Enquirer: 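Input: one structure, supplied below.
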Amino acid sequence: ISSPSPPSPSPPFSPSPLSPSPRPSLFLSLSLTPLSLSLCLSLSLPRRWLAAYENAVSFHFSNYFVAFLSEATLTLAGGGFTLHKESTHWDMWVSRPLDVDLPRSMVSVVTSWNQPMSRWLNTYVFRSALTLGRFPAILVTYSASALLHGFSFHLGAVLLTLGFITYVEHVLRTKMATMLSACVLSKRCPAACPHRNKTGVVVRLTNVTFGLLAIFYLTYLGSFFDTDSDAEEEEGYGMSHTLQRWKQLGWSGHWVALALWVIYKLLP
C-alpha cells in the first residue's frame, strides 16, 4: 500500500488591494492617543513660555487626532495604497508628528503638518506663482492656504508669519550651505550631494540650533490656541486676542525672524 504523498506547499501569501490591513486599528488607536493628550494638557503653568508651549502642543495633538482618524477611515474605505509587483504598500500619510514636534526646520513642519494639502498647494499654487518670484510665490501660497482655512484673522496672521519665517530660513540656510559647503539646508541633503562637510560638529550644531529655533517658532505661533473658552475656539480667535498673546511674548518670534533676515542680507 503506497503512502499518501505529502501536500504541496501553498504559495506565499500576497495581499490583494482589498486584503485586510492592520492600519485601520492602528490609526484608530493612534488617533485616540493625541486626542487624550490634547484634552489632558490643561495644566496651569506659571511661566508664559511654558503656558504658550502647552497651548501649542495641545493644538498639535488635536491636529494629529484628525490626521490619524482620516488615515484610518481612508484605509477602511479601501484607499491609501499602491501596488508594486502584486504586493500592497499602505503609504498614505496625512501627518508626521515627529517631523513637526522634533523638526529639522520650519520647512519640514509645514510639509509634514498636512502632507496631502502641502503637495496640492505646492503643485497647483506655488509652482504656478513662481513666475512672480520665490518670496511673492510663498506669500500667494500661504494666502491661498489662509483662504482655504476660512476667513479668520488668527489663522491668516499665523500663516502669513509662517510664510515669512520659512522664506527667511530657506534663503539663510541655503547661503550658509554654500559658504560652508555643508549639509545645513532646510531639507535633508541627498546622499550624493556635493557638500564636503556632511556630519561634522559644525553641521550637527547648526542643524540642532535651527531645530530648536523651529520649536521656539512653533511655541510662539501656537501660543493663542488655548482652550479656556470653547465658544471662542469654535468661532475663531479675534484680532485683539491674537495680538495680545504675541504682545505678552514681546513679539519675539517676529523680531527673531527679522534679525535672521538682516543676517542673511549681511552675509556675502
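For clarity, every value in this text was computed on a predicted model and none was experimentally measured. Note: hydrogens, waters and symmetry copies are ignored here, and every other heavy atom, side chains too, is used.
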Enquirer: Is there a donor-acceptor pair closer than 3.5 Å between any side-chain N or O of Ser95 and the backbone N or O of Asn114?
Expert: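 Side chain of Ser95 to backbone of Asn114, a donor-acceptor pair under 3.5 Å: no, none is there.
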
Enquirer: Restricting to non-hydrogen atoms, name the atom on Trp255 and the atom on Gly250 that form the minimum distance, rounded to 0.1 Å.
Expert: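 Looking at all heavy atoms of both residues, the shortest contact is CD1-O, 3.4 Å.
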
Enquirer: Go through the steps for Asn55 and Phe224 under the test side-chain contact (heavy atoms from CB on, under 4.5 Å), then give the verdict.
Expert: CA-CA 7 Å; Asn55 293 337; Phe224 53 80; over 6 Å; no

Enquirer: Before giving the answer on side-chain contact (heavy atoms from CB on, under 4.5 Å), spell out for Leu221 and Trp246 the whole-Å C-alpha distance, their side-chain angles and the decisive distance to 0.1 Å.
Expert: CA-CA 8 Å; Leu221 294 175; Trp246 282 348; 4.0 Å; yes

Enquirer: List the atom of Pro103, the atom of Leu218, and the distance in Å for their closest heavy-atom pair.
Expert: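 Distance-wise, the nearest heavy atoms are CG-CD1, 4.5 Å.
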
Enquirer: Looking at every non-hydrogen atom in both residues, tell me the closest pair between Cys183 and Cys193 and how far apart they are.
Expert: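 Taking Cys183 first and Cys193 second, the nearest heavy atoms are SG-SG, 3.4 Å.
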
Enquirer: Please check this pair: side chain of Thr166 against backbone of Gly163, looking for a donor-acceptor N/O pair closer than 3.5 Å.
Expert: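 Flag set: sc Thr166 to bb Gly163 pair under 3.5 Å.
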
Enquirer: Would you say that Asn63 contacts Trp113 through its side chain, given a criterion of any heavy-atom pair below 4.5 Å between the two side chains?
Expert: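 A side-chain contact exists here, since the closest heavy-atom pair is under 4.5 Å.
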
Enquirer: Between atom CG of Leu185 and atom OG1 of Thr206, what is the distance when rounded to the nearest 0.5 Å?
Expert: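 That separation rounds to 11.5 Å.
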
Enquirer: Is Leu162 linked to Tyr53 within one hydrophobic cluster, defined over Ile, Leu, Val, Met, Phe, Trp and Tyr using a side-chain heavy-atom separation of less than 4.5 Å?
Expert: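 Same cluster.
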
Enquirer: Any link between Met106 and Phe216 through a network of hydrophobic side chains (Ile, Leu, Val, Met, Phe, Trp, Tyr) touching at under 4.5 Å?
Expert: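 Same cluster: Met106 reaches Phe216 through Ile, Leu, Val, Met, Phe, Trp or Tyr contacts under 4.5 Å.
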
Enquirer: Is the backbone of Thr174 close enough, under 3.5 Å, to the side chain of Thr178 for a donor and an acceptor to pair up by distance?
Expert: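 Yes, the answer is positive, given that a donor and an acceptor are paired below the 3.5 Å cut-off.
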
Enquirer: Quick one: OG on Ser152 to CG on Leu159, what's the gap to the nearest 0.5 Å?
Expert: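 If I round to the nearest 0.5 Å, the distance is 9.5 Å.
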
Enquirer: I need the Trp251 CH2 to Leu243 CG distance, nearest 0.5 Å.
Expert: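 Result: 4.5 Å between the selected atoms.
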
Enquirer: Quick one: CD1 on Ile165 to CG on Leu160, what's the gap to the nearest 0.5 Å?
Expert: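 CG of Leu160 is found 11.0 Å from CD1 of Ile165.
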
Enquirer: Is there a donor-acceptor pair closer than 3.5 Å between any side-chain N or O of Arg104 and the backbone N or O of Asp99?
Expert: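 The answer is no, because no donor-acceptor pair under 3.5 Å joins these two groups.
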
Enquirer: Determine the sole option in Val201, Leu205, Asn207 for which the side-chain contact (heavy atoms from CB on, under 4.5 Å) test with Val203 is passed.
Expert: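 Only match with Val203 under side-chain contact (heavy atoms from CB on, under 4.5 Å): Asn207.
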
Enquirer: For the residue pair Tyr167 and Trp261, is the inter-centroid distance of their aromatic rings smaller than 6.0 Å?
Expert: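 No, the ring centres sit 6.0 Å or more apart.
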
Enquirer: Evaluate Val256 against Tyr217 for side-chain contact (heavy atoms from CB on, under 4.5 Å), listing each step before the verdict.
Expert: CA-CA 9 Å; Val256 170; Tyr217 281 136; 3.4 Å; yes

Enquirer: Should Val140 and Leu147 be counted in the same cluster of Ile, Leu, Val, Met, Phe, Trp and Tyr side chains packed under 4.5 Å apart?
Expert: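 Per the 4.5 Å side-chain linkage, Val140 and Leu147 are not co-clustered.
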
Enquirer: Taking only residues at least two apart or on different chains, which pairs with a member in residues 166-186 satisfy salt bridge (Lys or Arg N to Asp or Glu O under 4.0 Å)?
Expert: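 Passing the test, one end in residues 166-186: Glu169-Arg173.
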
Enquirer: A quick test of your reading: do over 12 heavy atoms of other residues, nucleotides or ligands sit less than 6.0 Å from NZ of Lys198?
Expert: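 It does: Lys198 NZ has more than 12 such atoms within range.
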
Enquirer: Within a 6.0 Å radius of atom CZ on Phe210, are there more than 12 heavy atoms belonging to other residues, nucleotides or ligands?
Expert: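 For Phe210, atom CZ is crowded (more than 12 foreign heavy atoms under 6.0 Å).
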
Enquirer: Ignoring hydrogens and angles, tell me if any N or O in the side chain of Thr111 forms a donor-acceptor pair with the backbone of Ser108 under 3.5 Å.
Expert: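 Yes; at least one donor-acceptor contact below 3.5 Å.
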
Enquirer: For a quick test of your reading: what N or O donor-acceptor pairs under 3.5 Å do the side chains of residues 123-136 make, sequence neighbours left out?
Expert:
from: Thr123; atom 1: OG1; to: Arg119; atom 2: O; distance (Å): 2.8
from: Ser128; atom 1: OG; to: Tyr124; atom 2: O; distance (Å): 3.3

Enquirer: Would you find a donor on one side and an acceptor on the other, under 3.5 Å apart, between the side chain of Ser58 and the backbone of Glu54?
Expert: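 A pair under 3.5 Å: no.
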
Enquirer: Let me check something: do Leu180 and Leu266 share a hydrophobic cluster, defined by ILVMFWY side-chain heavy atoms less than 4.5 Å apart, either directly or through other members?
Expert: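 Different hydrophobic clusters.
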
Enquirer: Tell me every residue that passes side-chain contact (heavy atoms from CB on, under 4.5 Å) with Leu148, counting only those two or more places apart in sequence or in another chain.
Expert: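 Once residues adjacent in sequence are excluded, the partners of Leu148 under the side-chain contact (heavy atoms from CB on, under 4.5 Å) criterion are Met117, Trp120, Leu121.
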
Enquirer: Val100 and Val57: same hydrophobic cluster, using ILVMFWY side-chain contacts below 4.5 Å?
Expert: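 Yes, Val100 connects to Val57 through the hydrophobic network.
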
Enquirer: Compare all side-chain heavy atoms of Val202 with those of Val184 and state whether any distance is below 4.5 angstrom.
Expert: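 Side chain of Val202 against side chain of Val184, heavy atoms only: no contact under 4.5 Å found.
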
Enquirer: Working to the nearest 0.5 Å, report the span between CZ of Phe164 and CG of Leu258.
Expert: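 So the CZ of Phe164 and the CG of Leu258 are separated by 6.0 Å.
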
Enquirer: Main chain of Arg245, side chain of Ser223: is a donor-acceptor contact present, judged purely on distance under 3.5 Å?
Expert: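 No, the answer is negative, given that no donor and acceptor are paired below the 3.5 Å cut-off.
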
Enquirer: Check Phe59, Phe65, Tyr64 against Phe61 for a ring pair (Phe, Tyr, Trp, His ring centres under 6.0 Å) and give me the one that passes.
Expert: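 It is Tyr64, the one option of Phe59, Phe65, Tyr64 that forms the ring pair (Phe, Tyr, Trp, His ring centres under 6.0 Å) with Phe61.
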
Enquirer: Report the distance from atom CG of Leu76 to atom CD of Glu71, rounding to the nearest 0.5 Å.
Expert: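 Leu76 CG to Glu71 CD: 12.0 Å, rounded to 0.5 Å.
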
Enquirer: When the ring centroid of His154 is compared with that of Phe225, is the distance short of 6.0 Å?
Expert: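 Ring-ring flag for His154/Phe225: true, centres closer than 6.0 Å.
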
Enquirer: I would like to know whether Leu213 and Leu260 meet side-chain contact (heavy atoms from CB on, under 4.5 Å); could you show each step before the answer?
Expert: CA-CA 11 Å; Leu213 184 62; Leu260 292 179; 3.5 Å; yes

